[in-house]
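The structure appears below as structure tokens.
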Amino acid sequence: MKGLGYIGAFVGGALAGAVAGLLLAPESGKDTRAKISDTVEDFLKKHNIKLNRKEVGDLVDELEDAAD
């Protein structure tokens, strides 16, 4: 059970780092948000997690807030 916590922390840290890197990249906000959204959707598909478009958008917004 403890190992699962470490994996979750690692995945969370990796996602936060990726979002921070994208937000600090020299691109427009619209392009950055699109990249984040695409990355999150790819991650969810890879892990067979079902979310609707609004839930994905909410998740992206939360990740952007966490990176600030």
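These values consider heavy atoms only, across backbone and side chains, with no hydrogens, waters or symmetry-generated copies.
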Give the intermediate values and the outcome of salt bridge (charged side-chain N to carboxylate O under 4.0 Å, His left out) for residues Lys54 and Asp58.
CA-CA 6 Å; Lys54 183 184 181 320; Asp58 292 344; 3.0 Å; yes
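Within the structure, the ring-ring contact (aromatic ring centres under 6.0 Å, His included) test picks out the following pairs touching residues 47-66 (sequence neighbours left out): Phe43-His47.
Asp42 is linked by a side chain to side chain donor-acceptor pair (under 3.5 Å) to nothing, counting only residues two or more places apart in sequence or in another chain.
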